[in-house]
Amino acid sequence: MRESTIIVTNNPLVNQARYKDVEKVFVETGNMQGVLLRARDMIHKGHKLLSHPLSGSLKPNENPYKSIIVSKNAESIEFDHIIMIEKGIETAEKFFRGKELPKYKPATDHDFMVIDKSIVESGLKNNGGA
Amino acid sequence: MRLEVGKIFIEDIRFGESTHVEKGTLYVNEKELIDLFIEDDRIKSAKIELAKPGESIRITPVKDVLEPRVKVSGGGTNFPGVVGNKVKQVGEGRTHVLSGAAVVTVGKIVGFQEGIVDMTGIGADYTPFSKMLNICVVIEPEEGIESHAYEAAAREAGLVVTNFIGEAGRNIEPDEIEVFETKGIIEQAKMYPNLPRIGYVCMLQSQGLLHDTYVYGVDAKKIIPTLMNPTEFMDGAVISGNCVASCDKIPTYLHQNDPIIEELFEKHGKELNFMGVIITNENVFLADKERCSDGVAKLARLMDLDGVIITEEGYGNPDTDLMMNCKKVEQNGIKTVLVTDEFPGRDGKSESLADAVKEADALVSCGQGNIVITMPPMDKVIGTLEDIETMIGGYDGSLKEDGSIEAEIQIIISATSAFGCNKLTARMH
């Protein structure tokens, strides 16, 4: 059975979209760090991390948008998930230390939104037997 | 399975009245090629341009590179299961290759994920495709179509053009014939009982739009790990539909000419016993990662392997798949060697991968993508320089007034590809 989920996102396209059994937490932040931090807080409270925090193979300092899927239920703390999200935050910080996020043209910015949305949707589609 | 690969050496490419090979020259007819796909209502216009090694030409944004091949015998067609080709088992019989020629699909799909192939200068040193005779298919999409629709149109155009050109090699006697063969698992194990049984785990990028790979036409994110005969790759059973950071990219050409497979065959029966390939994916959901890495370890054990080589495509999320595969295979008493590239920042001082496990104690580096170089201006650009500064590896000020480009080598197609098609590496000091 499909698990009810929450998408933590700063991507307006994902926020506007409607998905069945999916809630959204919209984080108003100019880069993905705010999303990683919010997801981390939720995982510490017992939500399960369902999608990889560094999905997309785009480096954190190149990609303005991030959507992370966590379980709606907050039952037990998964230490592996805490380690994974903390590692994701560490990796993002490493990249930001070297180079800030560029200011993209509106069309490119929109492309980043589309890619992030597609990745999140490919995850949701496959979420059949978690 | 036994496959004869007959190489027809192509020494030159030219435009001609028809598409054919004559005395080592491949002639292509622009209209013939464009007519194959121009009726597609996702495509506004297209043209064919040629680029040869050493010419002052910059090709960008490059989507994919493919090698023209044709199935001469053994059943099936090159690139089975896509663009109208029947799904039929490939990897046996004889295949002819127009060796030295390549089809390059060019066009802006999204503003950041395609890359550069320079045919001369320092940039050319970083990509294997600067050494090819390139037939560039430059595609302009209809206005307003979605990126994923354009990606599919460009991918399909590349496949049909490549297969059409490959047909020109059907009745030509090859200059060289190589034979690749592996047997069933039991027979293969008995053949070289004193050599270590080695497998290859090929991780396919599969996260979503512009991050997909296709196996016999099936989107790889929907597969669970499975066994492949290495010769199936040579007949185009696996194709690229993705534009990950350019340097990481495994274009279709590299699946057709996988350097890891070639090297394993080279040592087959001498230093090792090459048992076959396990393909798996790189999905977004952690549950998929668990499921598929379990599957990889199970198949490695069922094949009774002594060791595996694991390659990945992409950075970040795939590093977790890489490490999960490594850990679980090692826990079954099977040794692993990982092949990847690195992103340790421009000073090279930060951690190179986004994930690591203690079992990952043997790793081959294909170089670091954050190195900055300056590529000189070229006389001709095939495609457009419009998006250089927003491509991965580029930045504000990357494109200079004189047309030169200062950027991280991430911007160059396959510069640090984890198939090891290049000369870059990093060593421990």
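Each chain gets a letter, A, B and so on, in the order the sequences are listed, and its residues count up from 1. All values below come from the heavy atoms of this structure, side chains included, with hydrogens, waters and symmetry mates left out. Everything numeric here is computed off the predicted structure, so don't read it as measured data.
- Qualifying salt bridge (charged side-chain N to carboxylate O under 4.0 Å, His left out) partners for Lys63(B), counting only residues two or more places apart in sequence or in other chains: Glu151(B).
- Between the CG atom in Asp212(B) and the OG atom in Ser118(A) there is a gap of 7.0 Å [rounded to 0.5 Å].
- Considering only residues two or more places apart in sequence or on other chains, Phe95(A) meets the ring-ring contact (aromatic ring centres under 6.0 Å, His included) condition with Tyr315(B).
- Nearest heavy atom pair, residue Tyr104(A) against residue Thr390(B), reads CD2-CG2, 3.5 Å.
- Lys327(B) NZ: 12 or fewer foreign heavy atoms inside a 6.0 Å radius.
- The 12-atom threshold is not exceeded at CD1 of Ile224(B), counting heavy atoms of other residues, nucleotides or ligands nearer than 6.0 Å.
- A distance of 5.5 Å separates CG of Leu124(A) from CZ of Phe285(B), quoted to the nearest 0.5 Å.
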Give the C-alpha distance, both sets of side-chain angles, the deciding distance and a yes or no for salt bridge (charged side-chain N to carboxylate O under 4.0 Å, His left out) between Lys87(A) and Asp355(B).
-> CA-CA 8 Å; Lys87(A) 256 190 203 168; Asp355(B) 208 339; 2.6 Å; yes
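- The nearest pair of heavy atoms linking Val114(A) to Ser147(B) is CG1-OG, 4.5 Å.
- Residue contact with chain B, scored on non-hydrogen atoms closer than 4.5 Å, is absent for Ile83(A).
- Summarising the local packing, CD of Glu142(B) is surrounded by more than 12 heavy atoms from other residues, nucleotides or ligands at distances under 6.0 Å.
- Heavy atoms of other residues, nucleotides or ligands lying less than 6.0 angstrom from NZ of Lys103(A) number 12 at most.
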Between Leu286(B) and His81(A), is a side-chain contact (heavy atoms from CB on, under 4.5 Å) present by the stated rule, with each step listed?
-> CA-CA 9 Å; Leu286(B) 300 180; His81(A) 295 179; 4.2 Å; yes
Evaluate side-chain contact (heavy atoms from CB on, under 4.5 Å) for Lys105(A) paired with Glu389(B), printing each intermediate quantity in order.
-> CA-CA 10 Å; Lys105(A) 289 183 282 191; Glu389(B) 297 190 345; over 6 Å; no
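- Looking at Gln410(B), the atoms closer than 4.5 Å to chain A (heavy atoms on both sides) all sit in the side chain, from C-beta outward.
- To the nearest 0.5 Å, atoms CE (Met391(B)) and CD (Glu62(A)) are separated by 13.0 Å.
- Atom CZ of Arg38(A) sits in a sparse spot, with 12 or fewer heavy atoms from other residues, nucleotides or ligands closer than 6.0 Å.
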Please lay out, stage by stage, how Glu351(B) and Thr91(A) fare under the test side-chain contact (heavy atoms from CB on, under 4.5 Å).
-> CA-CA 8 Å; Glu351(B) 216 173 316; Thr91(A) 303; over 6 Å; no
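- Of the inter-residue distances, the one linking Lys108(B) atom NZ with Asp111(A) atom CG reads 7.0 Å to the nearest 0.5 angstrom.
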